[in-house]
Protein chains: 2
Amino acid sequence: MTDVARPRRDSGEGTRRRAKRGPGRRPGPTATREEILNAARTMFAEKGYDATSLRSIARAAGVDPALVHHYFGNKEGVFTAAMRFPVDPTELLPRVMAAPKERIGETLVRTFLSVWEDETRRAPILALLRSAMTNERAAVTLREFLTTALLERASELRGTPKLRVNAAAGQMIGVMFLRFVLRIEPIASASTEELVELLAPTIQRYFDEPGGTDGGDKTAAPGENNGHR
Amino acid sequence: MTDVARPRRDSGEGTRRRAKRGPGRRPGPTATREEILNAARTMFAEKGYDATSLRSIARAAGVDPALVHHYFGNKEGVFTAAMRFPVDPTELLPRVMAAPKERIGETLVRTFLSVWEDETRRAPILALLRSAMTNERAAVTLREFLTTALLERASELRGTPKLRVNAAAGQMIGVMFLRFVLRIEPIASASTEELVELLAPTIQRYFDEPGGTDGGDKTAAPGENNGHR
DNA sequence: GTCTATATATAGATAGAC
DNA sequence: GTCTATCTATATATAGAC
């Protein structure tokens with residue numbers, strides 16, 4: 001190697017990070033931790049787990065990479081801290097499932113959309129989705145959340161066969177994928193009302209007919225676990 | 001990981017790659033290129049674009065990393081070469097869309113499933129899906145393929161509004177995601193027949209009712225572009 | 001609590017020997 | 001056509017100064 005090995009040696013002069021500031025703790029209460037988490041949520045949402053670096057999170061948050069490490073230990077620590085799910089199913093799900101029998105489809109679609117249209121709630125969900133595609137740890141996190149917190153409880157609350165709840169979830173997730181990830185038209189630009197018109201009957205049907213089109217489904221008896229796990 | 005700096009200096013003795021062999025071209029016709037592409041398809045399917053390295057592809061294919069570069073130039077070259085889509089929509093789609101009006105749902109679900117159940121055809125699709133989540137190049141590839149090769153042509157062939165075709169695609173993609181990526185039960189273990197029973201009526205409905213539940217849809221006239229893009 | 005400096009690993013890519 | 005060796009960039013992680 002020639003002379004290009006270590007190009008910089010001075011500190012705080014040739015580097016123009018953000019505002020010039022001496023070392024040591026900043027004055028005032030520390031909101032830095034939350035800023036890092038917000039930046040991390042955005043980064044994980046955009047790039048997924050593996051492609052998001054601690055350095056890029058630090059850069060987005062305007063802090064030093066070592067500070068991120070200081071707060072959360074390592075990348076996985078940042079991830080699990082950032083991925084506290086932004087929807088509380090224990091509050092949201094019973095409210096949805098308590099809808100009148102014939103409006104369960106519309107209620108569910110509207111609730112689902114209201115969460116996804118909200119940028120601050122969509123980001124962490126997208127982060128989990130993106131990361132679950134390529135990272136086993138994220139896949140386990142998402143699978144467990146979906147299964148125990150949403151799907152199984154929805155099945156129990158309404159006595160709907162789990163397979164049909166899965167199908168309804170697939171419909172909603174698939175549409176969100178086309179709308180927000182691939183941004184395929186015209187569904188990416190459709191209004192909430194258009195989507196409700198389009199999807200509510202499908203969701204309604206999954207929750208309406210416990211036996212499917214010709215009664216061949218294996219069903220989960222309402223309020224009772226049929227031993228599927 | 002190597003224990004010290006440069007542990008090996010000789011060639012073909014201390015290294016036990018696969019079989020011992022001298023340098024230079026191997027005898028016989030060269031199937032190496034295809035082997036590399038097969039390995040690349042598997043790797044991209046498992047890890048996505050960014051997390052797949054040229055070195056890991058070479059390792060999986062049993063060749064030297066430099067050879068991968070020799071054939072395909074760079075990582076993007078390997079990707080586009082590996083991602084030649086394993087389903088030919090110009091052959092498959094008209095066959096599906098020519099089904100009897102009342103069996104379009106079942107036909108489409110069965111065809112879709114037959115592709116996804118086939119490991120060799122599922123791998124490259126999964127690769128595209130995974131990569132599209134985190135990589136813009138892959139997202140563009142997948143969006144263009146889905147839009148021009150599948151969705152718009154399906155809409156034209158049947159005169160179905162594009163928004164409804166999008167919804168049908170979302171249903172299928174979402175279910176495949178739950179089944180093959182997240183492996184959520186019970187849909188991950190459901191049989192083909194169960195899935196046809198479950199999903200065919202939904203797909204059928206999207207292709208059946210051009211006006212939606214109360215006629216509010218914007219429609220695409222058959223064989224004519226309504227100027228949505 | 002926040003920073004600089006650096007150890008260590010691995011990525012994509014190139015040059016050139018055989 | 002296939003390989004070794006190496007360059008450059010960037011990743012995660014750690015040590016310790018202030």
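Lettering of chains follows the sequences in order, A, B, ..., and the numbering in each one begins at 1.
For the pair B:Tyr71 OH and D:dG1 P, the interatomic distance rounds to 6 Å; values are reported in whole Å. Straight-line distance from the NE2 atom of B:His70 to the P atom of D:dA5: 20 Å, rounded to whole Å. Going from atom CD1 of B:Ile57 over to atom C1' of C:dA13 covers 14 Å, rounded to whole Å. Atoms CG (A:Asp64) and P (D:dT14) sit 15 Å apart, rounded to a whole Å. The OH-C1' distance, from A:Tyr49 to D:dA11, rounds to 13 Å in whole Å. If you measure from atom CG of B:Leu67 to atom C1' of C:dG12, you get 16 Å, rounded to the nearest angstrom. We find that CG of A:Asn74 is positioned 11 Å from P of D:dT12, with the value rounded to whole Å. The nearest whole Å value for the distance from the NZ atom in B:Lys75 to the C1' atom in C:dA13 is 13 Å.
A salt bridge links B:Arg179 with B:Glu117: at least one charged nitrogen is closer than 4.0 Å to a carboxylate oxygen. The pair A:Arg153-A:Glu156 does not meet the salt-bridge criterion, since no charged nitrogen lies less than 4.0 angstrom from a carboxylate oxygen.
Here B:Ser53 does not reach the OP1 or OP2 of C:dT10: none of its side-chain N or O atoms lies under 4.0 Å away. Regarding contacts with the backbone of C:dT14, a side-chain N or O of B:His69 is found under 4.0 angstrom from either OP1 or OP2. The phosphate of C:dG1 (OP1 or OP2) has no side-chain N or O of A:Thr32 nearer than 4.0 angstrom.
Taking the six-membered ring where tryptophan is involved, the planes of A:Phe44 and A:Phe79 are perpendicular, since the angle between them exceeds 60° and thus also 30°.
Along DNA chain D, the nucleotide nearest to A:Ala66 and the one nearest to A:Arg59 differ in position, and the one closer to the 5' end is contacted by A:Arg59.
Among the protein residues, A:Thr52 comes within range of the sugar-phosphate backbone only, with heavy atoms under 4.0 Å from sugar or phosphate atoms but none that close to a base.
The base of D:dT12 lies close enough to the side chain of A:Arg55 for a donor and an acceptor atom to sit less than 3.5 Å apart.
Side-chain N/O atoms of B:Glu76 and B:Thr80 include no donor and acceptor closer than 3.5 Å. No side-chain donor-acceptor contact under 3.5 Å links B:Glu46 and B:Thr42.
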